[in-house]
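A quick write-up on the structure given underneath.
Chain letters run A, B, ... following the sequence lines, proteins first and then strands; every chain starts at 1.
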Amino acid sequence: MLLAGSSRRLVAELRDALDSCAERQRQLERSLRVSRRLLRAWEPAETLAPEPTPGPETNEEAPSAACAPSPQDLKELELLTQALEKAVRVRKGISKAGEGDKAPSLKFGSIATSPATRASAPPSTSRRAGSRASETEPPRGIRQTRVPAKDLPEHRLLSVGDQACMGQGAGATKPESGLRNEQIVLSAASQAPEAFTLKDKGILLQLPEAFRKASSRNSRLWAQLSSTQTSDSVDAATTAKMQFLQKMQTTSGWPGSRLSATEVEAEVRHLQKACLLLRLRMGEELTADPKDWMQEYRCLLTLEELQAIVGQCLHRLRELCTAVVEQQLGPWPEGRFPRASLPCGGEADPIWSPQLLLYSSTQELQTLASLRLRVAMLHQQIYLEKVLMAELLPLVSKQEPLGPPWLALCRAVHSLLCEGGQRFLTILREDKPAD
Amino acid sequence: MGRRRRRRRVDPADAARALPEAIAALSQTLPAGPSPETFRRAKFDRPEAAPAFWRLLFCVLSPQPPNGASASFSPEAQVRSVKLALRTQGYPRRALAQLPDDGSQGGRELLLALAWLLAREPLPERLLAQNRVQLGDEMHVCECEALASPGPPAPSVEADGCVDIRHLQWLMGKLRFRWRNLMASQQEQCALLGKIHSYTRGCHSDRSLGHLSVTETELLRDPEGGRQLLRRLQRENARLQAALEWRRRELVFWQWMDTVLDACPPEASQPTFLPRIPTPGAGALEPLVRELQALQGELREAVEARREAWEAGVGGRGPEWSAVRTALREAVGQDLAALRRACERSGSLAQPHGPRRLVRTEAGAPRGPGLRAPEVIEALRSREAHLEVVLRRLQGQCRQELARLVGALPGLVWILPPGR
């Protein structure tokens, strides 16, 4: 059994580790969901489930349907738009008369036979739809049809955008019939061309104009922000800032260079990293095999130099300790502020816009990602190992009764500390041989 | 007056406008920025300015993105949180700590605090970078996130009684299982990313990127989401523009802040309270001290042993010896220069930092700007090897220690599990 104090800390640390793992997993799952969905066939609308409706509608649509180059897409687009406009009119008619599904199918048939008059249809529909739905949405959807759709994505934008409009318009009255109209239209539209898959038609995609503009403006602005680090006005401002800080310090009544908690933490983290680096370098030197006396001497010099650096680190750490102890906290509220996300890139000139990481094959990407995870996992394992060592080893040495429970404890501690909890040793008791 | 006019063709109307415009740019780039008029009121310590500034400081200092989280904090909680954050960062003025918790006073002091934060670091840029709209598929190449986790965990565990060591073993096993799952999910995600990137090659308007990212493809699949993304992007652009404006005009703000500081009564030079007990930070330093001392001890032993061997063996060799020795010393100094720099200067790591956008290129493509995956893989492999060495060493230490503790017992045979 463990003492209460150490068990609390150990369980808390392990739970912490488990939680951070779970958080990573959650984030990964989110990304996976999105990626999987992208690689499946794209549904025309997320909110409606297209019902398969056989019959004359699809046959009417079939001749004009094509799963091939753009001119056909254009035609589809026209037909779809008209069908949707018709659906709005029909739904309005249904809501007034309270009819069933018959009407839409008839109207639908007539749509297919009269593909012209695109110009005339939109204004009337927009007025009618606009009177019920929100002002901006239907006109926007219809206006988009005026832009010649060169490629599929805008087609997608249109169809779903119109669905959204229609969906909102239908909200108030007779949702089922309205929905079914749209479903009929949709299923016809979706059955007619092939469903869009990234694999086949990904190359045809094109980002919308507004987005492209905003995105390039965004990267331009970020680049400008990174480059305004050096100029005359900046220098004047920097001097003014330094002076302001000094004045704040002198008028505040605190003693001069006091270290803040954040700075102490940052310094400690830095020294931890330094310790790791130094230890690794020492390991390299100790395991190296000097072939001649020059290498031997060089090794000696390196170790001496490392010793000096460690001494300096220790000195700085001791200074930190005294600074922390001497700090006068005053009337500030107690407690530690939750540490913000680590300021990655805390050097002099951080580059604000993201830079690129180029890879050339999926294999490479997978190797990279798995190595990253492995390094993170090793960091965690080392940390936990130290925590476990600090708590468990004293336990084994303190316990006096050397009976079976203690042996079990030793076995468990050995497995946890020396084998990562994966393997166990065996203890055999030697019995006195019977005489 | 005349001299100034000769030096710069500034007419007084422009000068009068410069400050409010600078402040307007500042408050547009910050989240929850108050109006220039509020800033002016704060200088004169008017009470109506205080709540706006408490809110602003809370948004700026709290670690989470300021969308919905701030709603859950009451005004008093916000005030306390701001005070705590400023103290953690070492804010020098005590007057702020003495402000009442209901957030009704302190406009001028809060204005000073804001200026202090702005002077110490590029605050608007950092905030913008933290809440950046991510358009690409990003990956961190540094280990900052890996090293961030260790810290005293919250003692909110219900294990108030004794805990069986088998529970610990179970938790460790669960952890191992979670890591395995994580690895598998990560591999799948990379495979999917690779596919998406290769299926959309040539679609991006930006030639250096070449293909679409998941976010960009998603916005094509889901136009409504795309519209929201576009709105967020446009809002960010506005804030970026404001930040650039601020950088151009900030000098006049600092001149004004000088006058604000002058308007404050000076603080007492002697603190009138007793020093408290050391912060938990001092405790966290102990393990590191021990580690460094242990390292120092090991190095001392190694150095002594080798020096003895050296003296006993060949020793110095004749006249050329001193020249050779100097040369070797220099070589070692150069060798270790990078390491020395990394250990001395706080916060300077020679590694690349920050998130990077993943871009798939053809293997033979000309080298563009950006880090290449094979280099990162190399670095990570050597990191992995080093860390494994450290872990094995720790485990070896444990093995020795345990052997020492149980070794004295007669009548027991310890059979270790088959080694690697």
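With a 4.5 Å cut-off on non-hydrogen atoms, A/L28 touches chain B through its side chain but not through its backbone. Interface remark: A/L245 contributes side-chain atoms only to the contact with chain B (heavy atom separation under 4.5 Å). At a 4.5 Å heavy-atom cutoff, the contact between B/L261 and chain A is made by side-chain atoms alone. For chain B, the nearby part of A/L39 is the side chain; its heavy atoms alone come within less than 4.5 Å. Proximity to chain B is absent for every atom of A/S216, based on heavy atoms less than 4.5 angstrom apart. Contact annotation for A/E385: only side-chain heavy atoms (C-beta onward) come within less than 4.5 Å of a heavy atom of chain B. Proximity to chain A involves both the backbone and the side chain of B/E388, based on heavy atoms less than 4.5 angstrom apart. Proximity to chain B (any heavy atom under 4.5 Å) is restricted, for A/L280, to the side chain, taken from C-beta onward. Only the side chain of B/E401 comes within less than 4.5 Å of a heavy atom of chain A; its backbone N, CA, C and O stay farther away. With a threshold of 4.5 angstrom between heavy atoms, A/M282 approaches chain B through side-chain atoms but not through N, CA, C or O. Contacts between B/L193 and chain A at a heavy-atom distance below 4.5 Å involve backbone atoms as well as side-chain atoms. At a 4.5 Å heavy-atom cutoff, the contact between B/L135 and chain A is made by side-chain atoms alone.
Considering CD1 of A/I382 and CD of B/Q395, their distance stands at 9.5 Å, rounded to 0.5 Å. The structure places CG of A/L225 at 5.0 Å from CG of B/L244, a figure rounded to the nearest 0.5 Å. With values rounded to the nearest 0.5 angstrom, B/E216 atom CD is found 6.5 Å from A/S215 atom OG. Atom CD in B/Q296 sits 11.0 Å away from atom SG in A/C275 (nearest 0.5 Å). Within the model, atoms CD1 of B/I377 and CG of A/L368 stand 5.0 Å from one another, a figure rounded to the nearest 0.5 Å. The distance from the CG atom of B/L182 to the OG atom of A/S20 is 9.0 Å, given to the nearest 0.5 Å.
B/Q169 approaches A/S415 most closely through the heavy-atom pair NE2-OG, 4.3 Å. Of all the heavy atoms in B/H140 and A/R372, the pair that sits closest is O-NE, 2.8 Å. Contact detail for A/A240 and B/L251: the closest heavy-atom pair is CB-CD1, 4.0 Å. For the residue pair B/W116 and A/F244, the shortest heavy atom distance occurs at N-CE2, 3.8 Å. Residue A/S35 comes nearest to B/L192 through the heavy atom pair CB-CD1, 3.7 Å, listed as atom of the first residue, atom of the second, then distance. Smallest separation of non-hydrogen atoms from A/A214 and B/Q234: CB-CG, 4.4 Å.
When each of A/S31, A/S361, A/A210 is scored by its heavy-atom pairs under 4.5 Å with chain B, the top score falls to A/S31. Between chain A and the options B/G202, B/A302, B/C264, B/A115, the largest number of non-hydrogen pairs under 4.5 Å is found for B/A115. The most heavy-atom pairs under 4.5 Å with chain A, out of B/L394, B/T200, B/D258, come from B/L394. Ranked by heavy-atom pairs shorter than 4.5 Å toward chain A, the options B/L328, B/L240, B/L380, B/V289 are led by B/L240. Heavy-atom pairs under 4.5 Å with chain B peak, among A/E29, A/M377, A/Q307, at A/M377. Interface remark: of the candidates B/L171, B/L402, B/L230, B/L402 forms the most heavy-atom pairs closer than 4.5 Å to chain A. Of the listed residues (A/L425, A/L357, A/I309), the greatest number of heavy-atom pairs within a distance under 4.5 Å of chain B belongs to A/L357. Contact count versus chain A (heavy atoms, under 4.5 Å) is highest, among B/V390, B/V389, B/N181, B/L233, for B/L233. Listed options A/E296, A/R281, A/M294 were ranked by heavy-atom pairs under 4.5 angstrom with chain B; first place goes to A/R281. Ranked by heavy-atom pairs shorter than 4.5 Å toward chain B, the options A/L286, A/L301, A/L278 are led by A/L301. Interface summary for chain A: among B/Q189, B/R381, B/M139, the most heavy-atom pairs under 4.5 angstrom belong to B/Q189. Between chain B and the options A/V310, A/V413, A/L373, heavy-atom pairs under 4.5 Å are most frequent for A/L373.
You'll find the side chain of A/L14 stays beyond 4.5 Å of the side chain of B/K174, heavy atoms only. Within the 4.5 Å cutoff, no side-chain heavy atoms of A/L358 are placed close to those of B/L371. Between A/F424 and B/P417 there is no side-chain heavy-atom pair separated by less than 4.5 Å. In this structure, A/V375 and B/L387 have side chains that are in contact, with non-hydrogen atoms separated by less than 4.5 Å. The side-chain heavy atoms of A/V34 and B/V214, taken from C-beta on, include a pair separated by under 4.5 Å. The shortest side-chain heavy-atom distance between A/I427 and B/I415 does not fall under the 4.5 Å cut-off. Taking the side chain as every heavy atom from C-beta outward, A/I203 and B/Y199 never approach each other to under 4.5 Å. Inter-residue side-chain proximity for B/E298 and A/R279 is flagged as met; some heavy-atom pair is nearer than 4.5 Å.
Looking at A/Q366, its side chain does come within 3.5 Å of a backbone N or O of B/Q187 through a donor-acceptor pair. Checking side-chain atoms of B/R357 against main-chain N and O of A/Q355 turns up no donor-acceptor pair under 3.5 Å. In this structure a side-chain-to-backbone donor-acceptor pair under 3.5 Å is present from A/H270 to B/C343. A distance-only check finds no donor-acceptor pair linking the side chain of B/R178 to the backbone of A/C21 [under 3.5 Å]. Not a single donor-acceptor pair under 3.5 Å links the side chain of A/N218 to the backbone N or O of B/E236.
Ionic pairing of A/R36 and B/E188 is present here: one or more N-O contacts between side-chain nitrogen and carboxylate oxygen are shorter than 4.0 angstrom. In this structure, A/E364 does not pair ionically with B/R360, as no charged nitrogen and carboxylate oxygen lie closer than 4.0 Å. The pair B/E250-A/K241 meets the salt-bridge criterion, with a side-chain N (NZ, NE, NH1 or NH2) lying under 4.0 Å from an Asp/Glu carboxylate O.
Side chains of B/E125 and A/W222: no donor on one and acceptor on the other come within 3.5 Å. Using modelled atom types and a 3.5 Å distance limit, the side chains of B/S185 and A/Q25 yield a donor-acceptor pair. Judged by distance alone, the side chains of B/R340 and A/Q312 do bring a donor and an acceptor atom under 3.5 Å apart. Side-chain contact of B/Q241 with A/R217: a donor-acceptor pair under 3.5 Å is present, judged by distance alone.
For the side chain to side chain contact (heavy atoms under 4.5 Å, CB included) criterion with A/E305, the lone passing option out of B/L336, B/L339, B/L299 is B/L336.
A 6.0 Å sphere centred on NZ of A/K247 holds more than 12 heavy atoms belonging to other residues, nucleotides or ligands.
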For B/R307 and A/E304, run salt bridge (Lys or Arg N to Asp or Glu O under 4.0 Å): C-alpha distance rounded to whole Å, both residues' side-chain angles, the deciding distance at 0.1 Å, then the answer. CA-CA 10 Å; B/R307 196 155 265 291; A/E304 281 182 345; 3.0 Å; yes
